[in-house]
Student: 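The following block contains the structure, expressed as structure tokens.
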Amino acid sequence: MNNKTIRAIKGTQDILPEESIKWQSLEDQIRKITSHYGYHEIRTPAFEKTKLFSRSVGEETDIVSKEMYSWTDQGGEDLTLKPELTASVARAFIQHNLGRINPINKLYYIDALFRRERPQKGRYRQFHQFGVEAFGSEHPEIDAEVIALAISIFKSLGLEGLKLNLNSIGSPECRINYRAALQKFLKPHFSELTETSQKRFNDNPLRILDTKASHEIKILEDAPNISDYLTNEDQTHFNEVIEYLDILEIQYKLMPRLVRGLDYYTRTTFEITSSNLGAQNAICGGGRYDGLTEMLGGKPTPGIGFAAGMERVLLLMKSKQFNKNKVQIYIVSLGEKTRATVIKLAQDLRNQSLNTEFDLLRRSLKAQLKEANKMNVKYAIIIGDKELESNQLEVKDFLTGNQQKVELNKIIEHMNSLSF
RNA sequence: GUGGGUGUAGCUCAAUAGGUUAGAGCACCUGAUUGUGGUUCAGGAGGUUGUGGGUUCGAGACCCAUCACUCACCCCA
């Protein structure tokens, strides 16, 4: 391959027709299930003010500190391609006063996001997520509904071997207490911690819980659990979420170490993982963010949502069969005199909602039939000089090979009467 | 940002230990006498072996650099 040809940017990919039918089928499923749950689509711009993300996602997170595609535009504004969606949706929610129009707002999205990470399996620089955000209710029913919705989508896609991990990180007050307790516990081990953990010790000690370094995991075995620091209200809330999940017969695993990376999470956090994905095994992550709208200057409004990585979901759907749109009729033409008739006939058939193709390369009869065969058409209509003169077209059944003559002015009616 | 692996035709891969003109399968195109697809047969097109340098009488192969892809770390969906 020529070195000078322009290629797609690293970490981005073209979705060719063979792939895009899978995307369409996934998107159809998402729209169907979310509508069963009463969620409506929201679409937000591809880029936002940089401030939006630094304020909501958190200055110290990897996303904001090193992964955003940001630039200053000609007017001197600092802008960023969306690295995640909750912040954008919350911004739109506030901007349009959705909370005043309706006390509860249930939104879903399917969108492209951008992060400048080193690509690997299931991780790209432009990637796609679907997800939901529900604003307005602090009650555990909505936590359960959101989780059930996610599970329901994955189930409808036929995914197997998924695990739901669940935790509550409480409200800001108890996090402050827990944070202090964790720091106190870790202090004697400080010198044993990795460099990044040492850095997090002050900035965001909860994220040390996420470590994968085995010696740190060992140290953390005896660390205090956040569940012991939850307020009564937080504990009651979490218990009710669990109770609902039991009623809905949704399996979960309590994971006291599950703290989500982004600053805006409160109370319920969850993730759904698959063992069939390699290192990037989370297909869905979410949780409650009761303080987010306030953090962004809006009226305090509780909220909860999740985001799922579509590329990762598609990796799991690999074995599934997808149906391409079938070509139903191929019009074979012979000789230049027939061309006008063919193009008009194709148009008429297409207007009847029949998927119709004809030869665009002025190829031989044989080549056209070959093409028709490759497309797996049900019928071919053959028009040559003979047929043009007699007004009798040949309609060939590709399965049986049988042909019958049909008058030109009855062909639409005839084709409509056939089964495809 | 760090580390490993891999770069040969559109795709999947060959090319003994460095030795002529780099091959095969699939896909593509043409043909097998008049205007009929699938199967078969015959033929054709398609490559500066990612790129640049080096070692050698001789490099697809060995060495160095570079780029790309890929997997993993960090982190995340």
Side-chain angles (χ1 to χ4, degrees), chain A residues 1-11 13 16 18 57-58 60-67 83-86 109-131 150 154 194-197 199-200 204 207 210-213 259-262 270-274 277-287 305-316 330 332-335 338 361 363-388 394-403:
Chain A
M1 186 160 320
N2 194 329
N3 227 9
K4 286 173 187 161
T5 53
I6 298 175
R7 308 174 51 92
I9 306 295
K10 183 202 284 292
Q13 47 195 174
L16 303 179
E18 203 170 309
V57 175
E60 301 303 326
T61 59
D62 281 18
I63 293 180
V64 171
S65 63
K66 58 183 198 195
E67 294 173 358
E84 64 109 41
L85 267 157
T86 302
Y109 55 77
I110 297 174
D111 211 343
L113 304 174
F114 306 85
R115 286 183 207 170
R116 200 175 185 295
E117 300 175 275
R118 190 80 147 238
Q120 74 188 69
K121 188 180 170 92
R123 187 168 73 186
Y124 309 96
R125 289 183 170 183
Q126 175 175 342
F127 61 105
H128 300 79
Q129 289 187 343
F130 70 87
F154 298 132
T194 59
E195 200 182 328
T196 45
S197 291
K199 214 179 136 212
R200 282 175 192 160
N204 199 341
R207 283 181 64 209
D210 257 343
T211 185
K212 277 167 193 151
V259 300
R260 307 234 35 100
L262 313 185
F270 65 95
E271 68 178 15
I272 296 172
T273 59
S274 163
L277 271 177
Q280 308 304 318
N281 66 348
I283 60 169
C284 175
F306 71 78
M310 295 176 73
E311 282 83 359
R312 294 181 187 179
V313 171
L314 284 163
L315 281 174
L316 296 176
Y330 193 103
V332 173
S333 67
L334 282 157
T338 62
L361 294 171
R363 283 176 291 192
S364 67
L365 168 75
K366 196 172 184 163
Q368 291 182 55
L369 284 168
K370 237 177 161 168
E371 166 101 344
N373 185 61
K374 206 168 64 187
M375 289 175 169
N376 212 2
V377 301
K378 197 79 191 287
Y379 298 99
I381 299 173
I382 300 171
I383 309 179
D385 292 341
K386 261 191 330 205
E387 288 76 15
L388 210 56
E394 297 282 351
V395 175
K396 183 187 183 85
D397 182 321
F398 250 70
L399 213 66
T400 62
N402 295 338
Q403 270 178 227

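Chain A is the first sequence line, chain B the second, and so forth, proteins listed ahead of strands; every chain is numbered from 1. All figures in this text were calculated on a predicted structure; none of them were measured in a lab.
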Student: Whole angstrom is fine here: how far is it from CD1 in A/Ile272 over to P in B/A77?
Tutor: 13 Å
Student: Find the distance A/Ile63:CD1 to B/C75:P and express it as a whole number of Å.
Tutor: 13 Å
Student: Apply side chain to side chain contact (heavy atoms under 4.5 Å, CB included) to A/Tyr379 and A/Phe398, showing your working.
Tutor: CA-CA 5 Å; A/Tyr379 298 99; A/Phe398 250 70; over 6 Å; no
Student: Side chain to side chain contact (heavy atoms under 4.5 Å, CB included) between A/Met375 and A/Glu371: does it pass, once the steps are laid out?
Tutor: CA-CA 6 Å; A/Met375 289 175 169; A/Glu371 166 101 344; 3.2 Å; yes
Student: For atom C1', what is the distance between B/A22 and B/A14, given to the nearest Å?
Tutor: 10 Å
Student: Please report the closest heavy-atom contact between A/Ile383 and A/Thr338, naming both atoms and the distance.
Tutor: O-CG2, 3.7 Å
Student: Under 3.5 Å, side-chain donor or acceptor atoms of residues 117-131 of chain A against the rest of the protein: list the pairs with distances, not counting sequence neighbours.
Tutor:
from	atom 1	to	atom 2	distance (Å)
A/Glu117	OE2	A/Arg123	NH1	3.3
A/Gln120	OE1	A/Arg123	NH2	3.1
A/Arg123	NE	A/Arg118	O	3.3
A/Arg123	NH2	A/Arg118	O	3.0
A/Arg125	NE	A/Glu117	O	2.7
A/Arg125	NH2	A/Glu117	O	3.4
A/Gln126	NE2	A/His128	NE2	3.4
A/His128	ND1	A/Glu311	OE2	2.8

Student: What is the separation between atom CG on A/Asp62 and atom C1' on B/U2, rounded to the nearest whole Å?
Tutor: 14 Å
Student: Just wondering, do A/Gln368 and A/Tyr330 contact through their side chains at under 4.5 Å, heavy atoms?
Tutor: yes
Student: What integer number of Å spans the P atoms of B/A27 and B/U40?
Tutor: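 Straight-line distance between the two P atoms is 9 Å.
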Student: Less than 4.5 Å apart, side chain to side chain, heavy atoms only: is that true for A/Ser274 and A/Leu316?
Tutor: yes
Student: Would a distance-only check, ignoring hydrogens and angles, find a side-chain to backbone donor-acceptor pair under 3.5 Å from A/Glu394 to A/Ile381?
Tutor: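 Checking the backbone N and O of A/Ile381 against the side chain of A/Glu394, no donor-acceptor pair under 3.5 Å is found.
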Student: Between B/G50 and B/C67, how far apart are the C1' atoms? Round to whole Å, please.
Tutor: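 Straight-line distance between the two C1' atoms is 7 Å.
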Student: Going 5' to 3' along nucleotides 27-38 of chain B, which nucleotides have protein heavy atoms under 4.0 Å from the base (write B), which only from the sugar-phosphate (write S), and which from neither (write -)?
Tutor: -SS-----BBBB
Student: How would RNA chain B look in dot-bracket form, 5' to 3', counting Watson-Crick and G-U wobble pairs with both distances under 3.5 Å and writing | for bases paired to another strand?
Tutor: (((((((..((((.....[...)))).(((((.......))))).....(((((..]....))))))))))))....
Student: Please check if the number of heavy atoms outside A/Leu361 that lie under 6.0 Å from its CG is greater than 12.
Tutor: yes
Student: Taking B/U16 as the reference, what is the distance to B/G7 when you measure between their P atoms (whole Å, please)?
Tutor: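 Taking atom P in both B/G7 and B/U16, they lie 14 Å apart.
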Student: Are A/Leu277 and A/Ile283 packed together at the side-chain level, in the sense that at least one heavy-atom pair is separated by less than 4.5 angstrom?
Tutor: yes
Student: Round to a whole Å and report the spacing from CD of A/Glu84 to C1' of B/A77.
Tutor: 11 Å
Student: Near RNA chain B, under 4.0 Å by heavy atom, which residues of residues 116-126 of chain A?
Tutor: A/Glu117, A/Arg118, A/Gln120, A/Lys121, A/Gly122, A/Arg123, A/Tyr124
Student: Look at all strands and tell whether A/Ala307 reaches a base, only sugar-phosphate, or nothing, counting heavy atoms closer than 4.0 Å.
Tutor: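 If one applies the 4.0 Å heavy-atom cut-off, A/Ala307 turns out to touch the sugar-phosphate alone, with no base involved.
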Student: With the side chain counted from C-beta on, respond yes when A/Asp385 and A/Leu334 share a heavy-atom pair under 4.5 Å apart, and no when they do not.
Tutor: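 No; the side chains remain at least 4.5 Å from each other.
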Student: For B/A17 versus B/G60, give the span between their C1' atoms, rounded off to a whole number of Å.
Tutor: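 My reading of the C1' atoms in B/A17 and B/G60 gives 15 Å.
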Student: Mind checking what makes side-chain hydrogen bond (donor to acceptor under 3.5 Å, both in side chains) contact with A/Glu84, not counting sequence neighbours?
Tutor: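 Partners of A/Glu84 under the side-chain hydrogen bond (donor to acceptor under 3.5 Å, both in side chains) test: A/Tyr264.
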Student: A/Leu314 has an atom CG; how far is it from atom P of B/A77, in whole Å?
Tutor: 18 Å
Student: Which listed nucleotide (B/C69, B/A72, B/A77) is nearest to the side chain of A/Lys10?
Tutor: B/C69
Student: Answer yes or no: is there a side-chain heavy-atom contact under 4.5 Å between A/Ile63 and A/Pro83?
Tutor: yes
Student: Residues in side-chain hydrogen bond (donor to acceptor under 3.5 Å, both in side chains) with A/Gln280, at least two apart?
Tutor: A/Arg312
Student: If you measure from the P atom in B/G47 to the same atom in B/C11, how many Å do you get, rounded?
Tutor: 13 Å
Student: Between C1' on B/C76 and CG on A/Asn281, what's the gap in Å once rounded to a whole number?
Tutor: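 Taking atom C1' of B/C76 as the reference, CG of A/Asn281 is at 10 Å.
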Student: I'd like the P distance from B/G3 over to B/A59, given in whole Å.
Tutor: 32 Å
Student: What is the distance from CG of A/Leu85 to P of B/A77, rounded to the nearest Å?
Tutor: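 These atoms are roughly 12 Å apart.
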Student: Output the rounded distance in Å from CD (A/Gln280) to C1' (B/A72).
Tutor: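 My rounded result for the distance is 9 Å.
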Student: Using the C1' atoms only, state how far B/A9 lies from B/G23, rounded to an integer number of Å.
Tutor: 10 Å
